[in-house]
Amino acid sequence: MLRAAVLAVIACSVLAAAKPAVQQVGPGLYAYISDNDASANSTFLIGRTGVLVVDTGLNAAEGMKLLSAIRQVSPLPVKFIINTHYHPDHQGGNAVVGQGAVVITTDFTRDRTLALMQNPEMKGSQFRPADVTFQKQITVHLDPYSVEVYFPGKAHTSGDALVYFPEQRVLATGDLFLNRSSPAMDNGSAANWIQALDHALQVPLEHVVPGHFELGSKADLQRFRDYLSDLFQQVRIMRQRGETLDQVRRNIHMGKYADFRQFPKYQATFADNAAVIYEQLQAH
Ligand SMILES: [Zn+2]
C-alpha cells in the first residue's frame, strides 16, 4: 500500500528538467504543468477574493515553485486546497502553498495522510491533512465560480477525487489520467477506473489537466481510457484461458500505445499494469 509513497520519496532525487509551464485554460483558471516528473501537476483558480488550488507538489521546494507561479498571476490568498489523493507528490507542498487554506479531500485520503505523517521518511513533506472531507461530492463556491469535487469510486487509489470546473469546461484528474503514460496503480480498481473515465468523458471538456505530464485534450483522455480498457480486456481473456501471471505480462499487445511512457521504477509499465489488473481479477 505504501509502495507508491515510498517510491515518490526515492523519486524526489530526480532532477528537474525544465521550467514549470503555466497555461490559462479558461476564465480565472490555470494549469501548472510540473517540470519534475516526480512531482504532480496542479490547477489553480483565481476568484474575486481568493485562490483555489488542486494539488500542491511533492515537497516544500515544489510547493514554493507552484506558489511563485500563482503569485505571477494573483496576490490573493490561497483559500482552498483540494488534494486529489494521498500520494505525497500531490500534497507534499500543502503547508507552503496554503498555510491558512481550507484543505478538502475524500475521507480515505485524509486517513491515509494521517498514516503517512507517522512515517519518518516523510519528514520533508509539508503535509496538511484535510479540514473538510466528503463521501460522494462537494461543491466549492469561489465567487464568481463554482467547483465540483467528486469521488468516482475506487480507481488509482481507493479514495481519489476528480475536480470539475463547469464554467471553464476543465477537469483536473489527479492520477486518474496521465498523458501518454502508463500509470502507477495503488490499491484501487481498474474496472471502476475505466467506468469513472467513461463518466468523465460525458461532460463538456475543453482541457484536461493530468496528474503528470503535458496538458491534455478530451481526445487524450479518451485514448488513455482506451488503453486501460484494451489492457483490461486482454488480461481478462488471457486469464480466462488459464494463462499465468508471467504469461500475461509477456503476451499483452500494446503496440497501439507504443508512445506511452514506461516507468519501471514506479512499477508503471504495460506489464506492471497488466499484473495489477490480473491480481484484481483474481481477488473477485
Ligand atoms: Zn498517485
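The figures that follow rest on heavy atoms only: side chains count, while hydrogens, waters and symmetry mates do not. Both counts, for ligands and for their atoms, begin at 1 and track the order of listing.
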- prompt: Does any non-hydrogen side-chain atom of Lys136 lie less than 4.5 Å from one of Phe134?
  reply: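 Result no, sub-4.5 Å side-chain heavy-atom pair not found.
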task: Using 2.8 Å as a strict upper limit, say whether an N, O or S atom of Asp175 approaches the Zn ion (ligand 1) that closely.
output: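 So Asp175 counts as coordinating the Zn ion (ligand 1), yes.
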field: Cationic N near anionic O, under 4.0 Å, Arg180 to Glu214
entry: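 Looking at Glu214 together with Arg180, the answer is yes, because their closest N to O distance falls below 4.0 Å.
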Electrostatic pair Arg225:Asp230 at N-O distance under 4.0 angstrom: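 Here Arg225 does not pair with Asp230 in a salt bridge, since their nearest N and O are not under 4.0 Å apart.
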task: Kindly report the NE2-the Zn ion (ligand 1)-NE2 angle for His85 and His156 respectively, rounded to 10°.
output: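 Taking the Zn ion (ligand 1) as the apex, the two atoms subtend 100°.
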Which N, O or S atom of His87 lies nearest to the Zn ion (ligand 1), by name: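 It is ND1, the N, O or S atom of His87 closest to the Zn ion (ligand 1).
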Rounded distance (nearest 0.5 Å) linking atom CG of Leu221 with atom CZ of Phe177: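 Result: 5.5 Å between the selected atoms.
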